[in-house]
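One structure is given below, represented as structure tokens, and several questions about it will come after.
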Amino acid sequence: MEVEESGGTSRRKALLLLGAAGLATLGADAARPSGSRAAAAPAATPRARPVIHPTPTPTPTPTPTPRAASWTPGKLTALETPVRELSQLAPPAPPKSIALTIDDGPNPTWTPKMLDLLAEHEIHATFFIIGEQVKEFPKLTRRIADAGHQICNHTETHPIAIAHLSEKKVRKEIVEAHDRIADVTGIVPQFFRSPGGAWSKTVLEMVAEHDMLPIDWAVDPRDWARPGVGRIRRAVLKGEENNIILCHDGGGDRSQTIKALRDAIPKLKKRGLTFVAL
């Protein structure tokens, strides 16, 4: 009887101990998060803000415009064509005016020297430039324009026989140079000089069609032939009021032209003549 009671008592104690352990185990499990719950609720990750790149405002391309003559804001008209004297233009240039025109550039060697010379004497000139040269030396072309000189059309390739070319070829020479000059400088050419002074009905009509005036010259020192500094200087010094003088900064060695003008320009100014750009 005692044994049974003793055994029964032992079994009851064992059950009670198992029950307490089970409750402790359940409590511990309840306090520990389950793997599935941890996976379902991960730590929050900060959301990156999208990078906004503002659309740049496009820079407007300036529309090429004409550059007025130095003595009038209005457009010049020709009383005779081609124009050989300033007196053949309207409105007329001021009294004692003379015009220096420079052909066949831009040239990387001689145009900068010419520009420096003109700046030294504080005068503006009229540059008749070739389209092919503009294409090759756009920065130099812009330097001419930025210095305040007049920019004019002298054809695309300088064909000496332009007076004998077909209308199609004449148009190509004039239009290609016209558009190239306008694109590079922002200046629409208002004046045209035919290579070698070779004019024809076709050339004159094409020039008028593109709203340009044909410009020739009254004083030709033939500096392109390099006759010597003295001969160039003497010819230039024959210039008088209303004369248009022809010189060159392209087409060959122009050292004689630069030296002759360095001496002639101040002497012409001392005679009371004022250099004007078309």
Side-chain angles (χ1 to χ4, degrees), residues 82-86 98-121 123-138 140-145 147-163 173-174 177 180-181 185 189 191-199 214-239 243-268 275-278:
V83 174
R84 294 183 172 86
E85 297 272 355
L86 294 176
I98 193 169
L100 175 62
T101 61
I102 312 293
D103 284 18
D104 296 355
N107 177 279
T109 300
W110 305 110
T111 301
K113 294 181 186 296
M114 182 68 74
L115 291 173
D116 290 345
L117 176 64
L118 298 175
E120 177 185 344
H121 294 288
I123 67 173
H124 286 117
T126 302
F127 283 77
F128 288 89
I129 58 181
I130 299 172
E132 284 187 336
Q133 297 296 103
V134 173
K135 180 181 180 180
E136 190 169 357
F137 307 109
L140 185 53
T141 303
R142 284 191 290 270
R143 180 182 167 186
I144 299 172
H149 303 290
Q150 185 62 277
I151 298 289
C152 309
N153 189 328
H154 198 36
T155 71
E156 180 68 11
T157 67
H158 199 271
I160 291 296
I162 189 172
E173 285 287 337
I174 292 175
R180 195 181 304 281
I181 292 168
T185 67
F191 306 96
F192 175 85
R193 174 169 284 162
S194 193
W199 301 98
I215 305 295
D216 225 335
W217 56 82
V219 177
D220 180 9
R222 294 179 63 82
D223 64 318
W224 57 270
R226 303 184 67 217
V229 175
R231 290 187 63 178
I232 297 172
R233 180 176 58 247
R234 287 191 294 272
V236 172
L237 286 174
K238 290 179 181 179
N243 279 176
I244 297 174
I245 301 173
L246 169 66
C247 283
H248 297 78
D249 65 339
D253 184 338
R254 296 295 165 239
S255 57
Q256 293 182 1
T257 303
I258 299 293
K259 291 177 182 178
L261 289 177
R262 181 169 284 113
D263 183 61
I265 288 174
K267 289 182 177 178
L268 289 172
F275 285 86
V276 298
L278 296 179

Passes salt bridge (Lys or Arg N to Asp or Glu O under 4.0 Å), Asp253 versus Lys259? Steps please.
CA-CA 12 Å; Asp253 184 338; Lys259 291 177 182 178; over 6 Å; no
Between His154 and Arg193 (side chain of the first, backbone of the second, donor and acceptor by atom type, cut-off under 3.5 Å), is there such a pair?
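Yes; judged by distance alone, with no hydrogens or angles, the pair exists.
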About how many Å separate CG of Leu278 and OG1 of Thr101, when rounded to the nearest 0.5 Å?
7.5 Å
Donor-acceptor check, side chain of Asp249 to backbone of Gly105, threshold 3.5 angstrom: yes or no?
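At least one qualifying donor-acceptor pair exists.
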Closest non-hydrogen atom pair, Leu140 against Pro112
CD1-CG, 4.0 Å
Which residue is it: Thr126, Leu86, Leu100? I am looking for the one with a side-chain contact (heavy atoms from CB on, under 4.5 Å) to Val276.
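Only match with Val276 under side-chain contact (heavy atoms from CB on, under 4.5 Å): Leu86.
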If I take atom CE from residue Met114 and atom NE2 from residue His248, how far apart are they, to the nearest 0.5 angstrom?
10.0 Å
Please report the closest heavy-atom contact between Glu156 and Arg180, naming both atoms and the distance.
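Minimum heavy-atom contact is OE2-NH2, 3.0 Å.
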Leu118 side chain near Glu120 side chain, heavy-atom distance below 4.5 Å:
no
Ignoring hydrogens, what is the shortest heavy-atom contact between Ala147 and His124? Give both atom names and the distance.
O-NE2, 3.1 Å
Looking at every non-hydrogen atom in both residues, tell me the closest pair between Ser194 and Ile162 and how far apart they are.
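In this case the closest contact between Ser194 and Ile162 is OG-CG2, 3.2 Å.
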If you look at every heavy atom in Ser255 and Arg226, which pair is closest and at what distance?
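Here Ser255 and Arg226 meet closest at OG-NH2, 4.5 Å.
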Shortest non-hydrogen contact from Ile232 toward Thr257
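Shortest heavy-atom separation between Ile232 and Thr257 comes out as CD1-N, 4.1 Å.
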How about CZ on Arg231, more than 12 heavy atoms from neighbouring residues, nucleotides or ligands closer than 6.0 Å, or not?
no
Look at atom CH2 of Trp199 and say whether more than 12 heavy atoms of other residues, nucleotides or ligands are closer to it than 6.0 Å.
yes
Can you spot which of Leu261, Asn243, Ile98, Asp220 makes a side-chain contact (heavy atoms from CB on, under 4.5 Å) with Val236?
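It is Leu261; the other options fail the test.
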Rounded distance (nearest 0.5 Å) linking atom CD of Glu132 with atom OG1 of Thr157:
5.5 Å
Any side-chain heavy atom of Pro106 sitting closer than 4.5 Å to one from Val134?
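Pro106 vs Val134: side chains touch.
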Give a yes or no answer on whether the side chain of Asp103 reaches the backbone of Leu246 with a donor-acceptor pair at less than 3.5 Å.
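Such a contact is absent between Asp103 side chain and Leu246 backbone.
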Hey, what do you get for CD (Glu85) to CG (Asp216), rounding to the nearest 0.5 Å?
10.5 Å
Any chance you could measure Ile215, atom CD1, to Asn153, atom CG, to the nearest 0.5 Å?
12.0 Å
Report yes if the side chains of Phe127 and Thr141 come closer than 4.5 Å at any heavy-atom pair, otherwise no.
no
How far does CG of Asp104 sit from CZ of Arg254, to the nearest 0.5 angstrom?
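Answer for the CG-CZ pair, Asp104 versus Arg254, is 7.0 Å.
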